[in-house]
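Down below is the structure, laid out as structure tokens.
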Amino acid sequence: MEHKSNQNQSLNWGLISTARINRAVINPLRESARNELVAVASRSKEKAQDYASEWDIPQAYGSYQAMLDDPEIDVVYNSLPNSLHTEWTVKALKAGKHVLCEKPLATTIEEVDEMRAAAKETGNHLAEAFMYRHHPQTIKVKELVDSGILGEVRLVIGDFTFSIKSEEDVRLNPDLGGGSIWDIGCYPISYTRYIMGEEPQEVFGWQMSGNSGVDEVFTGQMRFAGDVFAQFDSGFRSPYRSRIEIVGSEASMVIPQPFNPGLEVEIQIDRDGEIESIPMPRKELYIGEVEDMADVILNGSSPRVSMEDSRNNIKLILALLQSAELGKPVLLS
Ligand SMILES: NC(=O)c1ccc[n+]([C@@H]2O[C@H](COP(=O)([O-])OP(=O)(O)OC[C@H]3O[C@@H](n4cnc5c(N)ncnc54)[C@H](OP(=O)(O)O)[C@@H]3O)[C@@H](O)[C@H]2O)c1
């Protein structure tokens, strides 16, 4: 399938919904020479028009499908609530669009497989928007760990929590794919898998469920080959915390802003109390995911977050939720 973009070397993007997270990608799309934000779609025409005028977006559509029917759109950013990711990603792929879909890509393995099959069948590209994975800090941390600066990795500890502001938030709605492990626990899980470069063999989880039934606090353990361990927690009922600690046989490393690195970040390496601070490369956080998408579509490179990677993260989250439900560890094949 030949896209207009392949001739122009510039991609026309449309936003599926007026979600709050859109504002994170609007400036990166504008700053990028190879991407252009041309449209927004909402369930309401009025909402789409108000949003388009607030953010200076040329086109506004009163339904998601209307935007998918526009042949001028090359790529859509799917920022819908989690339970709607699959339906609209598959529709977009089948309408001839490439898709950058928010995390978590889906909440079942069957959905991931359906999305992957639709991408394969149509020849269009799909990637999960794990923005932190594109940031040079993440890549630098992985290089340092792989260089052996900490010795052998023994333990990875991660956390991501915040205090939810509204009881109406989609994150508390089980029908929309709510729950803290899906929303933010997915980050320390993904980070740990990336650092380890492999999948765990066994997991154990506990959760505290809220009134709606979704987990509002989740704490989990993962065991990797060679008895390397990982622990994480996620939650909606504590102040903002975001941190990764990697403990090795020679030293440990603390990354204070692993998922949302700011522009002035240092990581600390602790060797028996002797602290070394290493400044991290600076970069705007969300530019990486839109440039990666352009590389994949225009240059034929592989996406930094592959479908297999997304699938494995989701498989792990499901195993952790199963463990919390059963009250016992779950072995992964
Ligand atoms: N990567 C990141 O840094 C990051 C950060 C935050 C969130 N996220 C992800 O982005 C996605 C959206 O999160 P958000 O907090 O931005 O969501 P949000 O502000 O609640 O927006 C979700 C949008 O989905 C549309 N929608 C369609 N059906 C809906 C329904 N039944 N109920 C509510 N909204 C519905 C609405 O747009 P219309 O009314 O215009 O149709 C709404 O504005 C989630 O998958 C989340 O995990 C990622």
Side-chain angles (χ1 to χ4, degrees), residues 14-29 39-55 57 59-68 76-89 91-92 99-107 111-112 115 127-135 138 160-162 164-191 212 214 234 236 240 242 257-262 284-290 292-293 304-305 310 313-314 317:
L15 309 171
I16 298 199
S17 92
T18 57
R20 277 168 295 176
I21 186 59
N22 287 354
R23 62 192 67 184
V25 300
I26 289 176
N27 277 338
L29 285 174
V40 59
S42 173
R43 292 166 298 171
S44 136
K45 178 79 180 171
E46 198 187 349
K47 201 171 168 190
Q49 281 168 335
D50 288 351
Y51 194 86
S53 86
E54 181 186 354
W55 292 97
I57 301 169
Q59 282 282 344
Y61 292 98
S63 79
Y64 305 149
Q65 188 59 51
M67 189 172 78
L68 298 186
V76 299
Y77 172 62
N78 183 345
S79 53
L80 290 166
N82 301 342
S83 65
L84 297 170
H85 287 178
T86 304
E87 177 187 347
W88 286 99
T89 292
K91 281 183 176 158
V99 183
L100 178 65
C101 180
E102 263 308 334
K103 41 52 68 177
L105 187 67
T107 54
E111 286 178 319
V112 180
M115 292 160 109
E128 185 179 28
F130 257 130
M131 74 301 188
Y132 88 90
R133 285 286 293 277
H134 304 277
H135 194 274
T138 313
F160 201 168
T161 64
F162 69 95
I164 208 153
K165 300 270 183 303
S166 159
E167 298 306 306
E168 304 307 313
D169 197 301
V170 294
R171 289 161 182 74
L172 294 175
N173 187 333
D175 297 332
L176 295 177
S180 83
I181 192 169
W182 287 118
D183 188 46
I184 43 180
C186 62
Y187 285 99
I189 294 169
S190 165
Y191 205 110
S212 71
V214 303
S234 58
F236 295 147
Y240 182 84
S242 149
Q257 293 176 49
F259 319 118
N260 295 296
E284 202 282 328
L285 179 56
Y286 289 85
I287 192 91
E289 64 186 21
V290 303
D292 188 62
M293 207 62 200
R304 198 171 273 126
V305 183
S310 298
N313 217 51
I314 288 161
I317 293 172

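If you're wondering where the values come from, they're calculated on a predicted model, not measured in any experiment. Only this structure's heavy atoms are used, side chains among them; waters, hydrogens and symmetry mates stay out. Each ligand, and each atom within it, is numbered from 1 in the order the structure gives.
- Interatomic distance, I21 CD1 to L15 CG, rounded to the nearest 0.5 Å: 11.5 Å.
- Remark: T107 OG1 to H85 NE2 distance equals 9.0 Å, nearest 0.5 Å.
- Listed by chain and number, S17, T18, A19, R20, I21, S42, R43, K47, Y64, S79, L80, P81, N82, L84, H85, E102, K103, A129, M131, V170, R171, L176, D183, Y187, Y286 each place a non-hydrogen atom less than 4.0 angstrom from ligand 1.
- Taking the six-membered ring for Trp and thresholds of 30 and 60 degrees, F259 and Y132 have ring planes more than 60 degrees apart, a perpendicular arrangement.
- For the atom pair Y286 OH and R23 CZ, the distance stands at 11.5 Å (nearest 0.5 Å).
- Here the CZ atom belonging to F162 is positioned 4.5 Å from the CD1 atom belonging to I164, to the nearest 0.5 angstrom.
- In this structure, NZ in K103 is found 14.5 Å from CZ in R133, a value given to the nearest 0.5 Å.
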